[in-house]
Amino acid sequence: MKPKDKISKIRNIGIMAHIDAGKTTVTERILYYSGRSHRIGEVHNGEAVMDWMPDEQERGITITSAVTTCQWNNREIQIIDTPGHVDFTIEVERSLRVLDGAIGVFCAVGGVEPQSETVWRQADKYRVPKIAFINKLDRIGADFFGTIEMMQERLNASPLILQLPVGSEDEFEGVIDLIGMQQIRWQADTLGATFSSEDIPSELVDQAREYRELLIETLAETDDAIMEAYLAEEEIDPKMIVAAIRKATIDLELVPILCGSALKNRGIQPLLDAIIDYLPSPLDVPPIQGEHPETGEAVACPPADSAPLAALIFKVSMIEGRKLSFVRVYSGRLKAKGDVFNPARKSKEKLARILRMHANKKERVDEAGAGSIVGVVGLKDSTTGETLCAIDKPLLLEKIDIYEPVISVAIEPKTSADQDKLDQVLDKFTAEDPTLRLKKDPDTGQTILSGMGELHLEVIISRMLREFKTSVNVGRPQVVYRETIEKEAAARATFDKEVAGQRHFGEVELQLSPLPRGSENRFKSMVSEEIIPELYIPAIEKGVLEALESGSLMGYPVVGVAATLIGGSVKESQGSELAYTVSASMALKAALAKADPFLLDPIMKVEIFVPEAFMGDVIGDINARGGKIESMEHKTGIQVIKATVPLAQMFGYSTALRSATQGRGTFSMQFSHFDRS
C-alpha cells in the first residue's frame, strides 16, 4: 500500500461532551463492536477500559483523556476519550489541538449542557469538523428534536439530520436511516452486535420522507451536483449524498446528526460508519503550519512520511512514576532509538521506545508515521506543547493554550517521611498537568497548590496518597494582606545598652507619611552630620525597612509609607550601627501605631463569562462580595463581565457561579493590586 493510501485510511477523532452524557459508554461500545475489546466495560460498575484510573472508577467520571486505536471497515480509528467535567477542560483543549475530527455526544434528556458548550467552542477554535450523536433515547424525558433545537440556539450549529429515532423512552427500538430509507433494528440477545435493515413502519413513512426531503434541500445549498439533481427531480445516488455530507462536514458547514442508546447497545455501528464516511483523514484537513525557530518563516508540514519530522507533545503522563509523552506526528516519521530535536529548549532527545496506546495498555512499535498518535518513552526535558523535529530541519508548532488556575489549597506533609517525597511528587504532577501551579508563600510559609476547581485538587490529593503513598494535610490558604497608614505621625526612640561589655547608644526620630496607593516604601534623611554622623544613616535605613516587613496590626508587610529621619542624637565613642538599627526600628513601630494603620486586601481582576439569562444573579452576587463591576461586553450568546473583587471573598466562587448559572458560567481570576475593601 502506498504511504498516501495508508494515511487516507486514518481517522483521528475525539469523543467530547458534558459529564454523564455517555462519552465513555459510547467509546466502550466502539471498542467492542470493532473487535478491540472482547467484552463491554460499564462505567457504573467501574469496569470501563478507558476509565482505568482508580479515581475514575470510584467516581464514575473521566478525569484524564485516554488514547486507543481500533479498526473498522479496513480503516484505522485513533480515539481520544476526553473528560466532561469543567475542572479537566485542559484535557479536552490539548486533545482537540491534535485531532482531525470529533464526535459530540449529547444526552437526549439534558440536551446541550454547559460543558457541551465549552467543548464545542474549543473544537470551533481549532476548526475541528464534528458529527453529533444524540444518546440516551431510551431514558424517560428523552427529546430528540428538542436537543437539535438547543444545538442550533446554544452552539450556533447547522444540524443535518441523518437518522430519526423509532419510538422513545422505554419503547425506543431502533433508528431510520434517511440516506438508505431503511429502519435499523438491533437484536437485544447479541449485545447489539447484530442488526437488520427493514422497511420503515407505515406510520413513520411520511415523517421519514419529510426529513429525507429536508436532508436533500440542505445539502443542495452546499453541493451543486445535488442541487442540479434535486431541481431536475432525479433520484439521487446515496454515494453522491455521502460525498456531499463528507465535504460539508469537513468544510464546517454542517454537523451530521445520528442517534441511539449506547447503554442499550443501539446506534453504534452506524456511528462508526459515519466516522469513516464523514470525518476527515489527515490528508483532508489543511496541513498544519509551523515556523522556523530562528527566522520566524512559515514552514508547511504536509501529512507525508517522506516529509521532515514535525510532531507535537500534547500530553505528559506519569504512569508508575515514569514519564510517558503523548505525541501527534504531523509529518515525517518517529523511530524508536532515534534522535529528535526540541527547538524550544534547543536540545537533542533520544526516543527509547514508541508505544501504540490502548488506554493504560501499551504495544511497542518500531516507528510511527504521519497522522499517528503514539506514546513515547525516553524524553527527559520536553513537555506539553513542545515540538519534536529533525535536527537539520528545525521548526516550531503553535503551543497549546493553557488555562490559569482559579482555586488554591494549602498543603503540608503529615510526617517527616512525607516531607522528603512531597516535593518530588508535586514536581511530577506539575509536569503532567500544566493547569496545576505550585508556589511557596514567603509570607505564610505554606505550600500553595492551585488548580482549575475543587474536584481537580481533590483528585490530585487522592492520587498523591494512592499512587505515591504521600499523605498531606489540606487547608484553606491564608489570604496575605498588607498594612498601610491613614495619617502622618512621628516618634522618637533611644537604644542605650551594654552589649558584650561595650556601651551602645543611638537615638532616632522618624516622621511617617502615607504615599499614594501602590507606591513603594521610601526612606530619606533630613538631619545634618552634627546630629547623626553620615556613617550611621545606612544602619538607620536598614532598621526602618526591616521594621516595615511586619506591621503593628497583624504582622503583615507595610506598604505605601514614606519614612523621614528628622532628628536624633549621638554620644561620642558610644554610637554604633547596632544601636541606630534598633532605635530606628523602635521609632518606626511607635510611629506606625500612632498613624492609624489599616489593612489592605489583595484585589483580584475577575473576568466572568455568563449567558445573558443569568446576568442579574451574577452581578448581584459580585456586589454582595464587595466587588466593583468595571465593564460588560456582549459576545455571541454570552456576556463578559469584568470586575475587581477582594480575594478573601472569592473562595468557593467557582461553586457559587456554577449554582447561579446552572453550570454554564465560567471565570478567570488574577491578582490586580492591594486596596482597602
Side-chain angles (χ1 to χ4, degrees), residues 439-446 478-603 671 673-677:
K439 68 170 185 180
K440 282 270 198 302
D441 193 310
D443 297 304
T444 65
Q446 291 175 307
Q478 297 173 24
V479 175
V480 182
Y481 296 92
R482 294 288 184 266
E483 296 183 20
T484 192
I485 57 173
E486 186 84 67
K487 64 178 188 182
E488 290 191 355
R492 195 176 188 96
T494 306
F495 182 85
D496 187 4
K497 281 188 180 169
E498 191 174 295
V499 179
Q502 187 180 341
R503 199 81 194 166
H504 292 265
F505 177 87
E507 187 175 39
V508 168
E509 186 176 5
L510 291 172
Q511 167 95 29
L512 300 189
S513 311
L515 291 171
R517 200 81 75 238
S519 302
E520 296 284 323
N521 292 330
R522 293 180 206 154
F523 170 80
K524 66 177 177 178
S525 170
M526 301 285 284
V527 299
S528 64
E529 177 86 14
E530 292 78 38
I531 296 172
I532 297 176
E534 185 71 31
L535 73 105
Y536 296 127
I537 302 299
I540 294 170
E541 183 175 4
K542 181 185 172 204
V544 166
L545 296 179
E546 283 179 357
L548 286 170
E549 288 175 9
S550 176
S552 58
L553 276 180
M554 295 173 70
Y556 291 112
V558 182
V559 295
V561 170
T564 307
L565 178 63
I566 57 171
S569 64
V570 65
K571 283 187 180 175
E572 196 67 43
S573 77
Q574 289 186 12
S576 72
E577 290 185 359
L578 169 68
Y580 281 105
T581 298
V582 175
S583 59
S585 179
M586 290 160 59
L588 187 114
K589 294 282 186 193
L592 273 179
K594 294 195 281 185
D596 290 357
F598 62 91
L599 286 180
L600 293 173
D601 281 78
I603 305 295
F671 173 76
H673 62 283
F674 283 97
D675 206 345
R676 205 169 198 165
S677 63

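Since this is a predicted model, take the numbers as computed values, not measurements.
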Side chains of Tyr556 and Leu599: closer than 4.5 Å at any heavy-atom pair?
yes

CD of Glu546 to OG of Ser585, rounded to nearest 0.5 Å, is 7.5 Å

Which atoms form the tightest heavy-atom contact between Glu488 and Ser513, and what is the distance?
OE2-OG, 3.4 Å

Val544 and Ala563 have their tightest heavy-atom pair at CG1-CB, 3.8 Å

How long is the gap from CZ on Phe598 to CD on Glu483, to the nearest 0.5 Å?
10.5 Å

Looking at Ala593 and Pro597, what are the two nearest heavy atoms and their distance?
O-CD, 4.1 Å

With a 4.5 Å heavy-atom cut-off, do Ile537 and Ile532 have their side chains touching?
yes

Quick one: side-chain hydrogen bond (donor to acceptor under 3.5 Å, both in side chains) partners of Ser550, sequence neighbours excluded?
none

Any side-chain heavy atom of Pro514 sitting closer than 4.5 Å to one from Lys487?
no

Would you give the length of the straight line joining atom CZ of Arg522 to atom CG of Leu515, rounded to the nearest 0.5 angstrom?
4.5 Å

Between Asp601 and Tyr481, is the side chain to side chain contact (heavy atoms under 4.5 Å, CB included) condition met? List the steps.
CA-CA 5 Å; Asp601 281 78; Tyr481 296 92; 3.2 Å; yes

Kindly compute the distance separating CZ (Arg482) from CG (Leu553), expressed to the nearest 0.5 Å.
14.0 Å

With sequence neighbours left out, write down each residue that passes side-chain hydrogen bond (donor to acceptor under 3.5 Å, both in side chains) with Gln574, or none if nothing qualifies.
none

When you compare the side chain of Ile540 with that of Thr581, does any pair of heavy atoms fall below 4.5 Å?
no

Taking only residues two or more places apart in sequence, or in another chain, which ones meet Asp596 in a side-chain hydrogen bond (donor to acceptor under 3.5 Å, both in side chains)?
none

Among residues at least two apart in sequence or on other chains, which ones pass side-chain hydrogen bond (donor to acceptor under 3.5 Å, both in side chains) with Glu498?
none

NZ of Lys594: more than 12 outside heavy atoms within 6.0 angstrom?
yes

What one should report as the nearest heavy-atom pair of Ala489 and Ala591 is CB-O, 3.6 Å

Please round to the nearest 0.5 Å and tell me the distance separating atom OG1 of Thr494 and atom CE of Met586.
7.0 Å

Could you go through the side chain to side chain contact (heavy atoms under 4.5 Å, CB included) check for Ser552 and Leu592 one step at a time?
CA-CA 7 Å; Ser552 58; Leu592 273 179; 4.1 Å; yes

Taking the side chain as everything from C-beta on, heavy atoms only, tell me whether Val508 gets closer than 4.5 Å to Tyr580.
yes

Ring pair (Phe, Tyr, Trp, His ring centres under 6.0 Å) pairs touching residues 496-520, sequence neighbours excluded, are none

Set of salt bridge (Lys or Arg N to Asp or Glu O under 4.0 Å) partners for Glu541, sequence neighbours left out:
none

Give me the atom names and distance for the closest heavy-atom approach of Leu535 to Pro538.
O-CD, 3.7 Å

Are the side chains of Tyr536 and Glu577 in contact, using a 4.5 Å heavy-atom criterion?
yes

Could Arg503 and Asp496 be called an ion pair, given the rule that one side-chain N must be under 4.0 Å from one carboxylate O?
yes

Give a yes or no on whether the backbone of Ala490 and the side-chain of Gln511 come within a donor-acceptor separation of less than 3.5 Å.
no

Leu548 side chain near Leu588 side chain, heavy-atom distance below 4.5 Å:
yes

Side chain Ser519, main chain Gly560, donor-acceptor under 3.5 Å
no

Does Glu520 CD have over 12 foreign heavy atoms under 6.0 Å away?
no

May I have the step-by-step check of side chain to side chain contact (heavy atoms under 4.5 Å, CB included) for Ile485 and Leu512, ending in yes or no?
CA-CA 9 Å; Ile485 57 173; Leu512 300 189; 4.0 Å; yes

Spacing of Ser569 atom OG and Glu509 atom CD [to the nearest 0.5 Å]:
10.5 Å

With a 4.5 Å cut-off on side-chain heavy atoms, are Leu565 and Met526 touching?
no

Minimum heavy-atom separation for Ala587 and Arg492, please, with both atom names.
CB-C, 4.4 Å

Taking 4.0 angstrom as the limit, do Arg517 and Asp675 come out as a salt bridge?
yes

